[in-house]
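Heads up: the structure comes next, in structure tokens.
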Amino acid sequence: MLPLRLGVNVDHVATVRQARGAPYPDPVEAAIAAIEAGAHSITVHLREDRRHIQDHDVQRLLAANPAPVNLEMAVTDEMVGIACRFKPRYVCLVPEKRQERTTEGGLDVAGQLPRIREVCQRLADAGIEVSLFVDPDLRQLEACVASGAPHLEIHTGTYADVANFEAAAREFVVIAGFAEAAHKAGVEVHAGHGLNLHNVGPVAGIPEVVELNIGHSLVSRALMVGMAGAVREMLVAMQAGRRAR
Ligand code: PXP
């Protein structure tokens, strides 16, 4: 079984800061604590409306360099320019709507393949490894392969949000089949969105998935037990899910 990494998304540390326009809490401090507790990478989503993470957060995080940084961003010229200037190790391309509370579904790679291919090439030329955040839909997988992106991240939001066990089980089967197909196609498979201590186990047990990106539940839990405690709990739940397979 391939090892499983945890990427911690610290956006919501910045959400609390922005709620008061205060200089704290600092997402970079949270990132360092997460890495010291065993997380493998840090994700920040620089949204076009800058509702949580700010440009200076990304710059400070890269300067502090506690671990590889995964910059989540929309497919816009502004964001591609910022990524090429800041040069994080990874970029994850996501869809973005101004009114949404959080990313609401995968990127339609198939519907805009020439544009995605061009952006992937520009980012690759800047030395950045690109991941595409997609729904577990084989049409999107075909487009991901054609885009040249080396990684994809499966949107697990539907699995996480469904109201009952049967619906979650059905969505899980779709995710697991998609992960297997993506791995066979030579794309590195990540997963994320809506994962928490209760639902992470089965996803962690999908052998082709090598990275989980988790934000809201971890930051929420960190309010109760601290960032180090929240990361350690999540790593234990992930390992238990991996072993149970
Ligand atoms: N992966 C991607 C691509 C996302 O957009 C998000 C949310 O920013 C996450 C993972 C983390 O989702 P959550 O905050 O629900 O754990």
Side-chain angles (χ1 to χ4, degrees), residues 4-16 18 27 30-31 34 39-54 57-58 61 68-76 79 83 88 90-109 116 123 129-136 140 144 149 151-162 168 171 175 178-179 182 187-201 203-204 209-223 227 230-231 233-235 237-238:
L4 180 62
R5 306 186 298 263
L6 170 62
V8 173
N9 179 320
V10 293
D11 291 352
H12 294 303
V13 178
T15 300
V16 175
Q18 298 306 110
H40 303 89
S41 59
I42 298 297
T43 294
V44 282
H45 185 169
L46 186 65
R47 295 188 69 104
E48 290 180 85
D49 61 11
R50 307 299 198 272
R51 69 173 70 160
H52 38 53
I53 293 295
Q54 307 296 305
D57 292 322
V58 185
L61 182 58
V69 171
N70 174 33
L71 177 64
E72 259 182 43
M73 56 179 232
V75 190
T76 64
M79 287 299 155
Y90 306 107
V91 156
C92 181
L93 296 177
V94 298
E96 209 175 287
K97 295 190 212 109
R98 244 158 228 252
Q99 299 313 319
E100 68 190 354
R101 274 202 202 142
T102 178
T103 318
E104 287 170 354
L107 186 66
D108 182 11
V109 180
I116 301 287
L123 293 168
E129 290 178 45
V130 181
S131 175
L132 302 174
F133 183 58
V134 290
D135 291 324
Q140 298 298 343
C144 287
H151 311 159
L152 63 77
E153 180 171 328
I154 304 173
H155 175 234
T156 52
T158 307
Y159 160 79
D161 291 344
V162 287
E171 182 64 15
I175 290 173
F178 182 89
V187 183
E188 185 175 295
V189 187
H190 307 167
H193 210 277
L195 296 177
N196 58 42
L197 285 174
H198 306 290
N199 63 20
V200 75
V203 180
V209 172
V210 296
E211 180 176 303
L212 298 180
N213 287 305
I214 305 180
H216 186 262
S217 72
L218 259 174
V219 171
S220 304
R221 189 71 187 137
L223 293 176
M227 181 54 86
V231 166
E233 280 180 348
M234 185 57 74
L235 287 169
M238 285 166 53

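All ligand and atom numbering here is 1-based and tracks the order in the structure. Since the structure is predicted, the reported quantities are computational estimates derived from the model, not experimental observations.
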Open item on the list: Below 3.5 Å, N or O to N or O, backbone or side chain included: is there any such pair between Val94 and ligand 1?
Closed with: no
Counting from 1 in the order shown, the ligand 1 atoms closer than 4.0 Å to a non-hydrogen atom of Gly215 are 11 (C), 13 (P), 14 (O), 16 (O)
### Message
Does either side chain, that of Glu96 or that of His45, offer a donor lying less than 3.5 Å from an acceptor on the other one?
### Response
yes
Within 4.0 Å of some non-hydrogen atom of Ile214, the atoms of ligand 1 are 16 (O)
With sequence neighbours left out, the residues meeting salt bridge (Lys or Arg N to Asp or Glu O under 4.0 Å) with Asp57 are Arg17, Arg60
For Glu153, the atoms of ligand 1 under 4.0 Å from one of its heavy atoms are 1 (N), 2 (C), 3 (C), 10 (C)
Mark yes or no for whether Asn199, through its side chain, and Gly194, through its backbone, hold a donor-acceptor pair below 3.5 Å.
-> yes
In terms of side-chain heavy atoms, does Asn9 have a donor or acceptor partner in Thr43 at a distance below 3.5 Å? no
Per-atom filter on ligand 1: closer than 4.0 angstrom to a heavy atom of Gly194 are 12 (O), 13 (P), 15 (O), 16 (O)
The atoms of ligand 1 lying under 4.0 Å from a heavy atom of Asn9, numbered in the order shown, are 8 (O)
For His216, the atoms of ligand 1 under 4.0 Å from one of its heavy atoms are 13 (P), 14 (O), 16 (O)
**Message:** Under a plain distance cut-off of 3.5 Å, with no hydrogens placed, do His151 and Glu153 share a side-chain donor-acceptor pair?
**Reply:** no
Look at ligand 1 and say whether Ser217 reaches it with a heavy atom at a distance under 4.0 Å. no
Going by the 4.0 angstrom heavy-atom rule, the piece of His155 near ligand 1 is neither
query: Could an N or O of ligand 1 be found under 3.5 Å from any N or O of Glu72, whether backbone or side chain?
result: yes
Applying salt bridge (Lys or Arg N to Asp or Glu O under 4.0 Å) to Arg221 and not counting sequence neighbours gives Glu233
CG of Leu6 to CE of Met234, rounded to nearest 0.5 Å, is 7.0 Å
